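These numbers come from the heavy atoms of this one structure, side chains and all, not from hydrogens, waters or symmetry mates. Note that this is a predicted model, so its numbers are computed, not measured. Residues take their numbers from the sequence shown, with the count starting at 1.
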Amino acid sequence: MRNNLLSVISILLLITACSSKEIKQEQSITDQPAKTVVDFIKWYSNNMSRLNKIEIVNNSFDSIFDSTGLYSINFTNGELFLAELKKSGFISDAYVEFMRNYFKDCEKNFVENPQFDGPPEGFDFDLVLWSQEYDEDLKHIDKSTVGESSISSKKANIQIKFPSGSSLKYDLSLYNDKWMIDKIDNGWGK
């Protein structure tokens, strides 16, 4: 009887130990998508001035001096911009495809509604942060918090709340054991 009791206790301890490992593993998975997002924002903060020099909208850099050229998407530069984001290691092919479609929609809008001065429609904010007001958020990214989120074994939706009160939602997927960003949304249906 004593051996049976020891066997039962041993089995319970073994089950408890295995359960603890599973919980720790699950917690590290749930922590990882948010870390991926914060690390991407830090990477972007360090590279945004270089990336913002890529003229995705033809004639937009000259619009202050010459208002005769109609805006149009420079798809070659758009691909260069996306390739640079992809090199960060945080962006998935799904994100790249989402942004390609965004550029196509903007080009369609420029054709239907010609524009040659002022901020180009669809580009009057930072394309990655979906905002015009981001300086304080980038300076204090470490003070940001994770808002509503849902995480499964292969997909995650993470909301990052910035100290300014603004927030962004990130859709991520697990690709070869690495979380990558599929979409960034400011909540305006982008």
Side-chain angles (χ1 to χ4, degrees), residues 33 36-141 144 147 156-173 175 179-190:
T36 296
V37 169
V38 171
D39 288 349
F40 170 68
I41 295 170
K42 288 178 181 178
W43 176 88
Y44 184 68
S45 178
N46 292 327
N47 290 278
M48 72 185 303
S49 63
R50 175 178 63 84
L51 292 170
N52 287 333
K53 291 178 183 171
I54 300 172
E55 186 177 21
I56 298 172
V57 178
N58 290 320
N59 302 312
S60 63
F61 287 2
D62 299 328
S63 66
I64 297 170
F65 307 108
D66 177 13
S67 62
T68 59
L70 290 174
Y71 294 156
S72 63
I73 298 296
N74 183 322
F75 287 101
T76 301
N77 284 353
E79 288 298 319
L80 175 63
F81 177 81
L82 295 173
E84 290 299 311
L85 285 178
K86 184 92 164 124
K87 285 181 193 176
S88 72
F90 298 103
I91 299 298
S92 72
D93 290 336
Y95 177 88
V96 171
E97 192 59 31
F98 172 79
M99 290 305 297
R100 282 181 182 140
N101 289 329
Y102 182 81
F103 296 158
K104 289 174 188 173
D105 290 344
C106 289
E107 176 64 15
K108 182 179 176 189
N109 184 56
F110 289 145
V111 169
E112 292 172 358
N113 305 291
Q115 186 182 354
F116 57 87
D117 66 350
E121 189 173 333
F123 293 86
D124 54 344
F125 48 82
D126 184 87
L127 288 177
V128 173
L129 300 173
W130 295 106
S131 173
Q132 294 174 341
E133 309 290 327
Y134 51 77
D135 291 336
E136 288 302 309
D137 291 337
L138 293 179
K139 286 180 191 173
H140 304 291
I141 185 63
S144 298
N157 302 99
I158 303 292
Q159 179 187 34
I160 299 294
K161 293 183 175 184
F162 296 102
S164 67
S166 65
S167 66
L168 287 172
K169 294 180 182 177
Y170 293 81
D171 294 344
L172 298 95
S173 294
Y175 298 93
W179 288 102
M180 299 186 76
I181 298 167
D182 293 330
K183 185 179 176 187
I184 302 171
D185 187 357
N186 64 0
W188 298 340
K190 298 284 181 214

Engineer: At what distance, to the nearest 0.5 angstrom, does NZ of K183 lie from CG of N157?
Structural biologist: 10.0 Å
Engineer: Kindly indicate whether the side chain of F103, heavy atoms from C-beta on, has any atom under 4.5 Å from the side chain of C106.
Structural biologist: no
Engineer: Taking all atoms of both residues into account, what is the closest heavy-atom pair of Y95 and L127, and its distance?
Structural biologist: OH-O, 4.3 Å
Engineer: If you define the side chain from C-beta out and look only at heavy atoms, does anything of D171 sit under 4.5 Å from I181?
Structural biologist: no
Engineer: Is it the case that the side chain of W179 and the backbone of L172 share a donor-acceptor pair, with hydrogens and angles ignored and the cut-off at 3.5 Å?
Structural biologist: no
Engineer: Do the non-hydrogen side-chain atoms of I91 and F40 ever get within less than 4.5 Å of each other?
Structural biologist: yes
Engineer: Could you walk me through whether L168 and V37 pass side chain to side chain contact (heavy atoms under 4.5 Å, CB included), step by step?
Structural biologist: CA-CA 10 Å; L168 287 172; V37 169; over 6 Å; no
Engineer: Which distance, rounded to the nearest 0.5 Å, do you find between the CE of M180 and the CG of D93?
Structural biologist: 7.5 Å
Engineer: Of the non-hydrogen atoms in Y102 and G122, which two are nearest, and what is the gap between them?
Structural biologist: OH-O, 2.7 Å
Engineer: Mark yes or no for whether Y71, through its side chain, and E121, through its backbone, hold a donor-acceptor pair below 3.5 Å.
Structural biologist: no
Engineer: Just so I know, are the side chains of L51 and V128 near enough to count as touching, which here means a heavy-atom distance under 4.5 Å?
Structural biologist: no
Engineer: Is the closest side-chain heavy-atom distance between F162 and I141 below 4.5 Å?
Structural biologist: yes
Engineer: Enter the distance from E79:CD to E84:CD here, rounded to the nearest 0.5 Å.
Structural biologist: 12.0 Å
Engineer: By side chain to side chain contact (heavy atoms under 4.5 Å, CB included), which residues pair with S72, not counting sequence neighbours?
Structural biologist: N58, E107
Engineer: Would you say the side chain of N74 lies within less than 4.5 Å of the side chain of E55, judging by non-hydrogen atoms?
Structural biologist: no
Engineer: Quick one: side chain to side chain contact (heavy atoms under 4.5 Å, CB included) partners of N52, sequence neighbours excluded?
Structural biologist: Y44, M48, D126
Engineer: To the closest 0.5 Å, what do you measure between CG (L82) and CD (E97)?
Structural biologist: 9.5 Å
Engineer: Can you give me the closest heavy-atom contact between K161 and G147, atom names plus distance?
Structural biologist: CE-CA, 4.0 Å
Engineer: Mark yes when over 12 heavy atoms from residues, nucleotides or ligands other than K86 sit less than 6.0 Å from its NZ; otherwise mark no.
Structural biologist: yes
Engineer: Rounded at 0.5 Å granularity, tell me how far CZ in F81 sits from CZ in F75.
Structural biologist: 14.5 Å
Engineer: Within the side chain of Y170, is there an N or O that forms a donor-acceptor pair under 3.5 Å with the backbone of A156?
Structural biologist: no
Engineer: Would you confirm whether D185, through its side chain, and K169, through its main-chain N or O, come within 3.5 Å as a donor-acceptor pair?
Structural biologist: no
Engineer: Does the side chain of I41 reach to within under 4.5 Å of the side chain of F90, using non-hydrogen atoms?
Structural biologist: no
Engineer: From D105 CG over to R100 CZ, what is the distance, rounded to the nearest 0.5 angstrom?
Structural biologist: 14.5 Å
Engineer: Parallel, tilted or perpendicular: which fits the ring planes of W130 and F125, with parallel below 30° and perpendicular above 60°?
Structural biologist: tilted
